[in-house]
Amino acid sequence: GDYYDAFATNSGKIVVCMADVSGKGMSAALLMSNFQAQVRALFQVEYASLPETLDMLNTRVMNIAQGEKYITFFAALYDPQTRQLSYVNCGHNPPLYVHPDGSHQLLELGGVGLGMFRDIPSMNVGTVEVSSGGLLCCYTDGLVEQENNLEIPFGTDRLLNLLANNKGQTLESVHLEIIATLEEFRGEEPALDDTAML
């Protein structure tokens with residue numbers, strides 16, 4: 001039920017996205033598989049604005065799931081020419097962007113999950129000025145909501161500390177550090193949910 005992707009549009013912009021479908025099992029997997037194909041098809045040609053594209057995706061999720069399931073979805077469009085990242089967060093765990101100076105922002109502007117309503121009530125587009133050395137971390141709820149044996153969740157603050165203290169490391173080493181810290185944190189507790197990171 002978790003989905004992540006990164007790909008180039010026909011105009012050379014980069015799409016980064018992360019999603020999680022409600023529910024489990026084959027129906028959730030099939031919905032997400034269909035959704036992935038829709039995302040690629042709509043974003044690749046980039047013929048509509050970010051909010052318009054998400055409106056179309058919302059309609060398609062609603063038509064398929066008939067309100068029985070919904071998808072939380074984060075979608076960002078990065079322009080390498082202007083170094084600007086535009087994003088919409090549809091009810092998903094807010095990704096973290098860590099600036100080179102260590103300051104950070106939660107990318108939470110957007111609207112409700114896709115497929116919750118026939119028409120999305122409101123939608124806001126956020127922007128981030130991307131600098132060399134900045135770090136974007138997208139994830140699903142299995143990461144931050146994982147609890148230890150004291151029923152304390154891993155949380156975004158713990159994740160932020162890991163990201164902020166890994167300046168100059170490769171992305172692979174940052175990723176491995178997060179996984180190792182999560183495994184140590186949960187100890188013998190079973191995994192709460194699927195965990196995806198990008």
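The CG atom of Leu163 sits 10.5 Å away from atom CD of Glu177, with the distance rounded to the nearest 0.5 Å. In this structure, Arg158 CZ and Leu143 CG are separated by 10.5 Å, a value rounded to the nearest 0.5 Å. In this structure, Thr195 OG1 and Glu145 CD are separated by 10.0 Å, a value rounded to the nearest 0.5 Å. Remark: Leu135 CG to Gln169 CD distance equals 11.0 Å, nearest 0.5 Å. One distance of note links CG of Leu198 with SG of Cys138; it measures 5.5 Å at 0.5 Å rounding.
Considering all non-hydrogen atoms of both residues, Val21 and Lys69 come closest at CG2-CD, 4.4 Å. Listed here is the closest heavy atom pair of Tyr4 and Ala196: CD2-CB, 4.1 Å. Here the shortest heavy-atom pairing between Thr127 and Gln105 reads O-NE2, 4.2 Å. Between Thr72 and Gly91, the shortest heavy-atom distance links the atoms CG2-O, 3.3 Å. The shortest heavy-atom contact between Gly142 and Asp193 is CA-CB, 4.0 Å. The two residues Val39 and Cys17 make their nearest non-hydrogen contact at CG1-SG, 4.1 Å.
Here Lys13 pairs with Glu46 under the salt bridge (charged side-chain N to carboxylate O under 4.0 Å, His left out) rule; sequence neighbours left out. Residues satisfying the side-chain hydrogen bond (donor to acceptor under 3.5 Å, both in side chains) criterion with Thr181, sequence neighbours excluded, are absent altogether. Arg186 is linked by a side-chain hydrogen bond (donor to acceptor under 3.5 Å, both in side chains) to Glu183, counting only residues two or more places apart in sequence or in another chain. Under the rule for a side-chain contact (heavy atoms from CB on, under 4.5 Å), the partners of Pro51 that lie at least two apart in sequence or sit in another chain are Ser49, Met123, Val125. Residues satisfying the side-chain hydrogen bond (donor to acceptor under 3.5 Å, both in side chains) criterion with Asp2, sequence neighbours excluded, are Thr140. Glu172 is linked by a side-chain contact (heavy atoms from CB on, under 4.5 Å) to Thr170, Leu176, counting only residues two or more places apart in sequence or in another chain. Remark: Asp194 pairs with no residue by the salt bridge (charged side-chain N to carboxylate O under 4.0 Å, His left out) rule, at least two apart or across chains. Judged as a salt bridge (charged side-chain N to carboxylate O under 4.0 Å, His left out), and not counting sequence neighbours, the contacts of Arg40 are Asp5.
Hydrophobic clustering of Ile, Leu, Val, Met, Phe, Trp and Tyr side chains at less than 4.5 Å, counting indirect connections, keeps Val112 apart from Met62. Note on Leu50: it clusters hydrophobically with Tyr3, by side-chain heavy-atom contacts below 4.5 Å among ILVMFWY residues. Taking hydrophobic clusters as Ile, Leu, Val, Met, Phe, Trp and Tyr residues chained together by side-chain heavy-atom distances below 4.5 Å, Leu77 does not share a cluster with Val16. Cluster annotation: Val15 and Met56 are assigned to the same hydrophobic cluster (Ile/Leu/Val/Met/Phe/Trp/Tyr, side-chain heavy-atom contacts under 4.5 Å, transitive). Ile14 is connected to Met18 through a chain of hydrophobic side-chain contacts under 4.5 Å among Ile, Leu, Val, Met, Phe, Trp and Tyr, so both are in one cluster.
Counting non-hydrogen atoms of other residues, nucleotides and ligands closer than 6.0 Å to CD of Glu68 gives a total of 12 or fewer. The number of heavy-atom neighbours closer than 6.0 Å to CG of Asn63, taken from other residues, nucleotides and ligands shown, is above 12. Annotation: Gln81, atom CD; neighbour count of heavy atoms from other residues, nucleotides and ligands within 6.0 Å does not exceed 12.
Side-chain atoms of Asn58 do not come within 3.5 Å of backbone N or O of Leu54 as any donor-acceptor pair. Formation of a donor-acceptor pair under 3.5 Å by the Asp79 side chain with backbone atoms of Arg83 is not found in this model. Of the possible polar contacts, one joining the Ser22 side chain to the Tyr70 backbone as a donor-acceptor pair under 3.5 Å is found. A distance-only check finds a donor-acceptor pair linking the side chain of Asn93 to the backbone of Asp141 [under 3.5 Å]. Using modelled atom types, one side-chain atom of Gln44 and one backbone atom of Ala8 make a donor-acceptor pair closer than 3.5 Å.
For the ring pair (Phe, Tyr, Trp, His ring centres under 6.0 Å) condition, the pairs that include at least one residue of residues 130-170, sequence neighbours left out, are Phe154-Phe185. Residue pairs meeting the ring pair (Phe, Tyr, Trp, His ring centres under 6.0 Å) criterion with at least one partner in residues 83-115, sequence neighbours excluded, are Phe74-Tyr87, Tyr97-His99. Among residue pairs with one or both ends in residues 116-136, none qualify as ring pair (Phe, Tyr, Trp, His ring centres under 6.0 Å); sequence neighbours excluded. Each ring pair (Phe, Tyr, Trp, His ring centres under 6.0 Å) pair with one or both residues in residues 7-44, not counting sequence neighbours, appears once here: Phe35-Phe73.
Put simply, the side chain of Leu162 does not reach to within 4.5 Å of the side chain of Val174, judged on heavy atoms. At a threshold of 4.5 Å between non-hydrogen side-chain atoms, the residues Thr9 and Val45 do not count as touching. Looking only at side-chain heavy atoms (C-beta outward), Asn89 and Pro95 come within less than 4.5 Å of each other. Counting heavy atoms from C-beta on, the side chains of Leu107 and Leu96 never come closer than 4.5 Å. With a 4.5 Å cut-off on side-chain heavy atoms, His175 and Met197 count as touching.
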Please walk me through it: do Leu114 and Ile120 pass side chain to side chain contact (heavy atoms under 4.5 Å, CB included)?
CA-CA 8 Å; Leu114 303 179; Ile120 297 175; 4.0 Å; yes
Could you please spell out the steps behind the side chain to side chain contact (heavy atoms under 4.5 Å, CB included) verdict for Asn124 and Val88?
CA-CA 7 Å; Asn124 297 303; Val88 173; over 6 Å; no
Begin from the C-alpha positions of Ile71 and Asp20 and carry the test side chain to side chain contact (heavy atoms under 4.5 Å, CB included) through to its verdict.
CA-CA 6 Å; Ile71 295 175; Asp20 194 359; over 6 Å; no
